[in-house]
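Position 1 is the first residue of the sequence, and the numbers go up from there. Any value given below was found using the heavy atoms of this structure, including those in side chains, with hydrogens, waters and symmetry copies removed.
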Amino acid sequence: MTPAPVRDAATVLVLRPGPAGNEIFMVRRGSTAAFMARAMVFPGGVVDADDADDALLAAIDLAPALAAERLGLPDPARAIAFYVAAIRETFEEVGVLLARRDGAPVDAEALAAERAALNEKRLRFKDFVAQNGLRLQAADLHLHAWWVTPPIEKRRYDTRFFVAALPPGQVPAHDARETTAGQWLTPAAALAGYTAGELQLALPTLRTLNELCACATLDDVRALQAGLPPASSPRPPRSTASCTCCCRATPPTSPPAPAATASCCGPAAGLMTAGWMTAPRLDRRPAVGDAHRSPPT
């Protein structure tokens with residue numbers, strides 16, 4: 001059977017400081033979702049054709065050539081579309097807007113009607129940006145990981161994972177359309193919920209949370225992405241949760257995932273864990289949790 005085509009997608013880990021370290025806003029996908037139904041995920045979605053529109057390229061604070069360099073892509077328009085999609089999806093899905101108006105932070109809650117119109121496809125994102133005089137803040141997004149859905153899945157995505165700090169004064173809320181709940185969780189709490197059978201987590205989410213257990217601050221997360229050790233806290237023991245070869249999370253009593261094996265596809269070479277692939281960091285240091293290390297057990 002021919003594998004499904006791979007679509008570009010972007011995901012954003014929205015972080016805020018908490019008493020126990022970084023907290024991440026996660027949402028639960030609906031039971032009827034075609035992809036990762038009922039799973040707890042980070043907000044995000046597919047890159048649209050409009051995300052590379054010239055009007056949006058003029059409204060974002062990142063040059064396409066620099067976006068291409070950061071993502072390791074030869075096509076600047078495709079690269080900048082990942083950043084636009086990350087900003088758009090984060091606003092549509094959880095109401096967090098990484099943008100400024102006249103250099104000042106934006107009151108995202110005051111744009112709730114426009115958010116609803118975007119979700120209902122009554123408003124195009126480029127028109128929303130233009131009407132509100134917004135400057136999209138790609139500088140607030142930091143690339144963390146790159147995952148590709150395995151061929152076994154009917155829907156496949158080439159997804160960039162970004163991290164961003166919650167803008168001052170903004171309060172995230174799930175969209176009550178594609179998602180049914182939203183909550184702030186520390187990585188350790190999310191992993192504990194998974195181990196207890198209370199949360200479903202796909203492999204990329206599980207691996208990302210395992211990585212971020214070592215990070216008490218956003219600076220720690222950025223250091224981790226750069227291949228440097230986090231400064232503020234030691235790495236805790238790895239979760240005992242196991243996972244399967246696709247998007248469907250399973251109870252911790254399931255058989256462990258197959259051992260990681262290295263792929264050999266040039267710049268995209270990296271981790272192959274039970275069918276999922278993640279590339280190394282752009283500076284070519286081994287990614288935390290890649291084929292140079294053992295997968296979670």
Side-chain angles (χ1 to χ4, degrees), residues 6-15 22 24 42-91 96-100 125-126 129 134-149 157-167 204 207-208 211-212 215 217-230 263 265-271 276-290:
V6 181
R7 303 179 67 186
D8 289 343
T11 289
V12 180
L13 284 69
V14 179
L15 305 182
N22 282 318
I24 307 171
F42 312 122
V46 174
V47 176
D48 290 342
D50 278 357
D51 291 331
D53 190 279
D54 287 344
L56 290 170
L57 300 187
I60 197 166
D61 68 346
L62 183 65
L66 183 54
E69 179 182 337
R70 290 182 177 181
L71 299 188
L73 293 172
D75 182 354
R78 180 187 174 207
I80 203 71
F82 275 103
Y83 284 92
V84 172
I87 295 170
R88 174 180 55 76
E89 286 285 347
T90 304
F91 180 59
V96 171
L97 184 56
L98 302 174
R100 288 179 170 265
F125 189 63
K126 67 175 183 178
V129 170
L134 300 179
R135 184 72 169 166
L136 304 181
Q137 299 295 296
D140 293 343
L141 291 166
H142 301 270
L143 179 65
H144 180 73
W146 170 18
W147 287 89
V148 177
T149 316
Y157 302 97
D158 180 337
T159 308
R160 268 51 174 197
F161 281 50
F162 298 94
V163 295
L166 177 70
R207 291 291 296 271
T208 300
E211 287 185 357
L212 296 191
C215 302
T217 67
L218 181 58
D219 285 342
D220 284 346
V221 178
R222 293 169 181 165
L224 185 68
Q225 190 281 325
L228 302 173
S263 66
C265 46
L271 171 71
W276 287 87
M277 184 181 79
T278 181
R281 304 298 188 250
L282 297 182
D283 60 6
R284 300 299 180 250
R285 293 185 180 93
V288 173
D290 75 1

How far apart are the closest heavy atoms of [X] and [Y], and which atoms are they?
{"X": "A165", "Y": "L218", "result": "CB-CD2, 3.6 Å"}
{"X": "A52", "Y": "A77", "result": "CB-O, 3.9 Å"}
{"X": "V47", "Y": "A85", "result": "CG2-CB, 3.7 Å"}
{"X": "P76", "Y": "A68", "result": "CA-CB, 3.9 Å"}
{"X": "N22", "Y": "C215", "result": "ND2-O, 3.2 Å"}
{"X": "A164", "Y": "L141", "result": "CB-CD2, 4.1 Å"}

Problem - T149 (side chain) donor-acceptor with Y157 (main chain) under 3.5 angstrom - result: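 A pair under 3.5 Å: yes.
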Exercise for the section: Please determine if K126 and D50 form a salt bridge, counting it only when a charged side-chain N lies under 4.0 Å from a carboxylate O. Expected result: no
Exercise for the section: Inspect the contact between D158 and R78 and indicate whether a charged nitrogen and a carboxylate oxygen are less than 4.0 angstrom apart. Expected result: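 Yes.
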Inter-residue atom distance [X].[atom1] - [Y].[atom2], 0.5 Å rounding:
{"X": "L71", "Y": "I80", "atom1": "CG", "atom2": "CD1", "result": "8.5 Å"}
{"X": "D140", "Y": "L62", "atom1": "CG", "atom2": "CG", "result": "11.0 Å"}
{"X": "E211", "Y": "L224", "atom1": "CD", "atom2": "CG", "result": "5.5 Å"}
{"X": "L136", "Y": "R88", "atom1": "CG", "atom2": "CZ", "result": "11.0 Å"}
{"X": "I87", "Y": "D51", "atom1": "CD1", "atom2": "CG", "result": "10.0 Å"}
{"X": "T217", "Y": "R222", "atom1": "OG1", "atom2": "CZ", "result": "8.5 Å"}

Taking the side chain as every heavy atom from C-beta outward, state whether [X] and [Y] have any atom pair closer than 4.5 Å.
{"X": "L212", "Y": "H144", "answer": "yes"}
{"X": "D48", "Y": "F125", "answer": "no"}
{"X": "P167", "Y": "L98", "answer": "yes"}

Handout entry: side-chain contact (heavy atoms from CB on, under 4.5 Å) evaluation trace for V148 with T159
Key = CA-CA 6 Å; V148 177; T159 308; over 6 Å; no
Practice task
Indicate, with yes or no, if the rings of F162 and Y83 have centres closer together than 6.0 Å.
Solution key: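 Close enough - the centres of the two rings lie under 6.0 Å apart.
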Handout entry: Stepwise side-chain contact (heavy atoms from CB on, under 4.5 Å) check, E89 with V12
Key = CA-CA 9 Å; E89 286 285 347; V12 180; over 6 Å; no
Exercise for the section: Would you sort out whether W146 and F161 count as a side-chain contact (heavy atoms from CB on, under 4.5 Å), showing the intermediate values? Expected result: CA-CA 6 Å; W146 170 18; F161 281 50; over 6 Å; no
Problem - Name of the residue among V163, T208, L15, V221 meeting side-chain contact (heavy atoms from CB on, under 4.5 Å) with I24 - result: L15
